[in-house]
Novice: 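Handing you this structure, nothing more for now.
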Amino acid sequence: MIERELTFRIMRYNPDEPEKKPHLQEFHLTEEPGMSLFVVLNKLREEQDPTLRFDFVCRASICGSCGMLVNGRPTLACKTLTKDLPDVTTLLPLPVFKLLGDLSVDTGVWFRDMSFRTESWVHTDETFDPDAPEKRMDNAVALEIYEAERCIECGCCIGGCATANIKPDFIGAAGVNRVARFMVDPRDKRTEREYFEVVGNEDGVFGCIGLMACDDNCPVGVPLRDQLAYVRRKMASAGWRYQKV
Amino acid sequence: MSRYDSFVTDVLVIGAGLAGERAAVEAATQGLNVILLSLVPPRRSHSSAAQGGMQAALGNSAMGKGDSPDVHFADTVKGSDWGCDQDVARLFVETAPIAVREMAHWGVPWTRVTKDEHVYDGKVIHEDPANAGLITARNFGGTAKWRTCYTSDGAGHTLLYTLDSMVLRLGITVHDRVEALSLIHDSERCYGAVARCLRTGELRVYTAKTTVIATGGYGRLYGASTNAIINEGSGLSLALDTGVVPLGNMEAVQFHPTGLVPSWILITEGARGDGGYLLDKNLHRFMPDYEPAKKELASRDVVSRRIMQHIRAGYGVESPYGDHVWLDIRHLGAEHINTNLREIATICKNFRGIDPVKDLIPVRPTQHYGMGGVRTNIDGQAYGLKNLFALGEAACWDLHGFNRLGGNSLAETVVAGKIIGEQIAKFTAEASLDVKSSLVEEHLQRQMDRVTRLRESRDGTEYVYDLRREMEQILSHHVGIFRSEDSLQDAVNQLSDLHERAQRLGLRGGGHGGDPELDAALRLPGMIRVAYCIAKGALARKESRGSHFREDFPHRDDANWLNRTLAYWPEGADEPELRYEPVKITESPPGDRGYGEATRGPDSAKP
């Protein structure tokens, strides 16, 4: 195999030095077998510019830390292999989220806010009895909950969403999917009407204009289109009944 | 003294993975103010990566029938090679079933018993229809019963998301992207921590009645580790640097049998638990030759050694990244792999370009877990310093002794969180916060000076990433699965030299704001001290026990070494000081594990 010389054009911006405008900096390095953007970015930091900022935690597409735009498309850097990239690659931070520096964005704060707004916890009055066996649950229901719970909060669905890019309060596919996770959970005692108050509005499920980039971009394959349809259907019928009351 | 942000709370928990959050939830439920500090947003903690599950003796599944805390206790003590504290193990196994059910109550979608028949290792398993809908379990290494509760392929993920939902619900304060740099203490008592905001680089002071270390493991001290890159043992060096708090059993390092070559991402034990085989270069299933009883599911230390032994005998598959063996799960079928082991399929595809439904997976033993950590008593109180607690992988509670069973780590996080969280609440309710501002400022000033000296390269120009790589290589080469006197002595000498050079770090960049080079430079000297404790402890322990295997002392030596290592780093010292304490044996006297070299010697197998 002929070794490729790779070029990376990486957005640089340090909020501590606002006089330096955001700009693209060019880096070069030689491709290695099995190389991922995790390897590339660490090499660049350790060997070329120790001030380069980016986020990785698990480097195994589990934790959701390393979402960024790779040649314009939101994805996880850790699972992006250089063999699938052209000779010149542009790396930009995910839009929508607050920029902390270079490729590092504050997805954590965004998701925490979304979790508060959607009240992402099981709502129940039942208290835990340490002496009782667990409540039974059909395994099919457990799997259905898990299917929505699999979201890793990487923000790729948000960064690639046209609505989220123009409406800062839109909860996006991640938010709608989060609501679906609790709707299918029999342990959560919220009524449709209560869910309606949380997401039955323009910043919630009715803000989606159906472009579905989220479904294409989700790096862990959460079925976002189905989840959007499910919540939208439930909320539309709840809204209909709600109006009539 | 320049201005700085200051926070006061009842309980300061450093680390927001499962252990830290579970303890925080317990303390907050009992009415205390809690602040959680985390290097990353809590849901990105390494707890989320645990794919396999947590052990708890529910006995709902057909293959778990007849299970009880007593059986779980026996497995855990045996697994630890009689190195664990048996009072702790007893408390743990009794609480684990309650902790699992409590997590179900809070929202974890545990996989449940179904009425479907399934086939395991050629045998058809019929579940008891009366148990349908109860929490089920899968098989894991070193256990007499199927006891590992799980959520498809994402047990850690769902546990962490559920626990974090409780943190949200209780309104517990979380400061993410914050790193604790030192504990504020007067050698008698702990008063909180000096920390650095990783967004802005600013230093902060947190004062608290009770401080809790729950920072997880130190896997990244080894170059090749299954761990997330944030697992750098920061809580261990916080404690060690007080000079008065010891680290327990640091030489007990677990190597997981199946790290994916060459990214070293973990392939969960669930793969072997669900029926996967290990094959050599001739595609021969070799584990039954060495371990006829437990085969692929002997304890991790044993399986890792057997793999390396087989590779040394010339049966490894050659590769540019060193010799490896194969993990074969093809016979489990596409449906099973793509549901219960989906994470494995995804990892294989993303990071190696293979499909385990039809391809073999290249694996090799890889650093995975530290049994050692901040030594505490059964209530989680650290030795040597009042008002300081520790739990989870960061602690040496000591549930695991010299080898942890798969599924007991995730279980420890929530079980210890529940038990120790309660002790923290009880302790804090009686405690007062009485700290001298001069003490706080002295500790803050020390960290400010470190930052300034690094930025101005006043002490030298050693480059943090060069030294770091050397540290990783020393541990990987000399303090691995097979250990011996000369090699360990080399490691100690090299680490001594490296520690001295680490006092002369200087930055190449400016070190302004949330600068990653400064983060690394502030962290590295403490990491090297922790590495030093591992190497020195391993050199001193002249026996083999659990994961600590000395080729020059291949047998367990209960007469001389049935004890726990305590490593101190006295203030101003240039190396750790080792002391020892007895191991508490209550119910189970040391015996034969029924697997491993004691039963069948290292040379017994004829592959």
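Note that this is a predicted model, so its numbers are computed, not measured. In what follows, chains are A, B, ... by sequence order, proteins preceding strands, each numbered from 1.
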Novice: So how far is it from A:Ile62 CD1 to A:Ile152 CD1, rounded to the nearest 0.5 Å?
Specialist: 8.5 Å
Novice: Would B:Arg469 and A:Glu46 pass as an ion pair if we require N to O under 4.0 Å?
Specialist: yes
Novice: How many angstroms lie between atom CG of A:Asp185 and atom CD of A:Glu144, to the nearest 0.5 angstrom?
Specialist: 10.0 Å
Novice: Against chain A, label B:Ala49 side chain, backbone, both or neither, depending on which of its atoms sit under 4.5 Å from a heavy atom there.
Specialist: both
Novice: Roughly how far, to the nearest 0.5 Å, is the OG1 atom of A:Thr75 from the CG atom of A:Leu37?
Specialist: 9.0 Å
Novice: Quick check for you: among B:Thr151, B:Thr162, B:Asn60, B:Ile135, which has the greatest number of heavy-atom pairs under 4.5 Å with chain A?
Specialist: B:Ile135
Novice: Within 45 degrees of the ring normal and closer than 6.0 Å to the centroid, is that where the cationic atom of B:Arg101 sits relative to A:Phe128?
Specialist: no
Novice: Select one option (side chain, backbone, both, neither) describing which atoms of B:Asp466 are under 4.5 Å from chain A's heavy atoms.
Specialist: neither
Novice: What residue, out of B:Lys349, B:Arg44, B:Arg508, has the most heavy-atom pairs lying under 4.5 Å from chain A?
Specialist: B:Arg44
Novice: Find out whether the Lys NZ or Arg CZ of A:Arg190 is both under 6.0 angstrom from the six-membered ring centre of A:Phe182 and within 45° of the ring's axis.
Specialist: yes
Novice: Quick one, B:Arg177 and B:Cys197 - any side-chain contact, counting heavy atoms below 4.5 Å?
Specialist: no
Novice: If you count heavy-atom pairs under 4.5 Å between each of A:Phe116, A:Phe54, A:Phe111 and chain B, which one has the most?
Specialist: A:Phe116
Novice: Which atoms of A:Ser65 come close to chain B, meaning under 4.5 Å heavy atom to heavy atom: side chain ones, backbone ones, both, or neither?
Specialist: both
Novice: Counting only non-hydrogen atoms closer than 4.5 Å, does B:Leu198 touch chain A with its backbone (N, CA, C, O), its side chain (CB onward), both, or neither?
Specialist: backbone
Novice: For the atom pair CD (B:Glu343) and OG1 (B:Thr268), what is the distance rounded to the nearest 0.5 Å?
Specialist: 10.0 Å
Novice: Can you tell which part of A:Ala132 gets under 4.5 Å to a heavy atom of chain B, answering side chain, backbone, both or neither?
Specialist: backbone
Novice: Quick check on B:Ser47 against chain A: is it the side chain, the backbone, both or neither that has a heavy atom closer than 4.5 Å?
Specialist: neither
Novice: If you tally heavy-atom pairs under 4.5 Å against chain B, which of A:Leu76, A:Thr124, A:Asp106, A:Asp49 wins?
Specialist: A:Asp106
Novice: Taking the side chain as C-beta and beyond, is there a heavy-atom pair between B:Leu36 and B:Thr173 under 4.5 Å?
Specialist: no
Novice: Which one wins on heavy-atom pair count under 4.5 Å against chain A: B:Pro97, B:Ala520, B:Pro42, B:Ala228?
Specialist: B:Ala228
Novice: Among A:Glu149, A:Lys135, A:Lys83, A:Glu47, single out the residue with the greatest number of heavy-atom pairs under 4.5 Å to chain B.
Specialist: A:Glu149
Novice: A:Leu143 versus chain B, heavy atoms under 4.5 Å apart: side chain, backbone, both or neither?
Specialist: side chain
Novice: Who among A:Gly221, A:Ala140, A:Ser36, A:Cys78 has the most heavy-atom pairs with chain B under 4.5 Å?
Specialist: A:Cys78
Novice: Non-hydrogen atoms of chain B under 4.5 Å away: do they reach the side chain of A:Glu119, the backbone, both or neither?
Specialist: neither
Novice: Tell me, side chain or backbone of A:Phe38 under 4.5 Å from chain B's heavy atoms, or both, or neither?
Specialist: side chain
Novice: Checking B:Thr114 against chain A: side chain, backbone, both or neither under 4.5 Å from a heavy atom?
Specialist: side chain
Novice: What part of B:Arg468 gets within 4.5 angstrom of chain A, counting heavy atoms only: side chain, backbone, both, or neither?
Specialist: neither
Novice: Under the criterion side chain to side chain contact (heavy atoms under 4.5 Å, CB included), which of A:Ile10, A:Thr82, A:Leu81 is the partner of A:Val40?
Specialist: A:Thr82
Novice: B:Gly513, B:Gly509, B:Gly514: which one forms the most heavy-atom pairs within less than 4.5 Å of chain A?
Specialist: B:Gly514
Novice: Under 4.5 Å from any heavy atom of chain B, what part of A:Lys79 do you find: side chain, backbone, both or neither?
Specialist: both
Novice: Check this for me, if you would: do A:Glu153 and A:Arg178 make a salt bridge, where the nitrogen-to-carboxylate-oxygen distance has to be below 4.0 angstrom?
Specialist: yes
Novice: Just how far is it from atom CG of A:Leu103 to atom CE of A:Met68, taken to the nearest 0.5 Å?
Specialist: 4.5 Å
Novice: Does A:Val222 reach the side chain of A:Glu147, with side-chain heavy atoms less than 4.5 Å apart?
Specialist: no
Novice: Heavy-atom distances under 4.5 Å only: say whether B:Ser263 touches chain A with side chain, backbone, both or neither.
Specialist: backbone
Novice: With a 4.5 Å cut-off on heavy-atom pairs, point out which of A:Gly64, A:Gly34, A:Gly101, A:Pro130 contacts chain B the most.
Specialist: A:Gly64
Novice: Are the side chains of A:Met183 and A:Val231 in contact, using a 4.5 Å heavy-atom criterion?
Specialist: yes
Novice: Between B:Leu134, B:Ile98, B:Ile230, B:Asp515, which has the largest tally of heavy atom pairs under 4.5 Å with chain A?
Specialist: B:Leu134
Novice: A:Trp121 vs A:His123 aromatic rings, parallel, tilted or perpendicular, using cut-offs 30° and 60°?
Specialist: parallel
Novice: Which bit of B:Arg342 is near chain A, if near means a heavy-atom gap under 4.5 Å: side chain, backbone, both or neither?
Specialist: side chain
Novice: Taking side chain as everything from C-beta outward and backbone as N, CA, C, O, which of these in A:Thr127 sits under 4.5 Å from a heavy atom of chain B? Side chain, backbone, both or neither.
Specialist: backbone
Novice: Taking side chain as everything from C-beta outward and backbone as N, CA, C, O, which of these in B:Asn231 sits under 4.5 Å from a heavy atom of chain A? Side chain, backbone, both or neither.
Specialist: neither
Novice: So which part of A:Arg45 gets closer than 4.5 Å to some heavy atom of chain B, the side chain, the backbone, both or neither?
Specialist: both
Novice: Can you tell me how far SG of A:Cys58 sits from CG of B:Leu266, rounded to the nearest 0.5 angstrom?
Specialist: 11.5 Å
Novice: Is there a side-chain contact between B:Arg352 and B:Val261 (heavy atoms, below 4.5 Å)?
Specialist: yes
Novice: With a 4.5 angstrom heavy-atom cut-off, which part of A:Asp55 approaches chain B: side chain, backbone, both or neither?
Specialist: side chain
Novice: With a 4.5 angstrom heavy-atom cut-off, could you sort out which part of A:Arg59 is near chain B: side chain, backbone, both or neither?
Specialist: both
Novice: Between A:Cys151 and chain B, which part of the residue has a heavy atom less than 4.5 Å away: side chain, backbone, both or neither?
Specialist: backbone
Novice: If you tally heavy-atom pairs under 4.5 Å against chain B, which of A:Glu17, A:Arg136, A:Arg53, A:Arg150 wins?
Specialist: A:Arg136
Novice: Side chain, backbone, both or neither: which part of B:Val100 has a heavy atom under 4.5 Å from chain A?
Specialist: neither
Novice: Please rank B:Thr136, B:Asp164, B:Leu58 by heavy-atom pairs under 4.5 Å with chain A and give me the top one.
Specialist: B:Asp164
Novice: Would you call B:Arg22-B:Glu102 a salt bridge at under 4.0 Å N-O?
Specialist: yes
Novice: Please look at A:Asn139 and chain B and tell me whether the side chain, the backbone, both or neither of the residue comes under 4.5 angstrom of a heavy atom of that chain.
Specialist: both
Novice: Is the closest side-chain heavy-atom distance between B:Met166 and B:Met103 below 4.5 Å?
Specialist: no
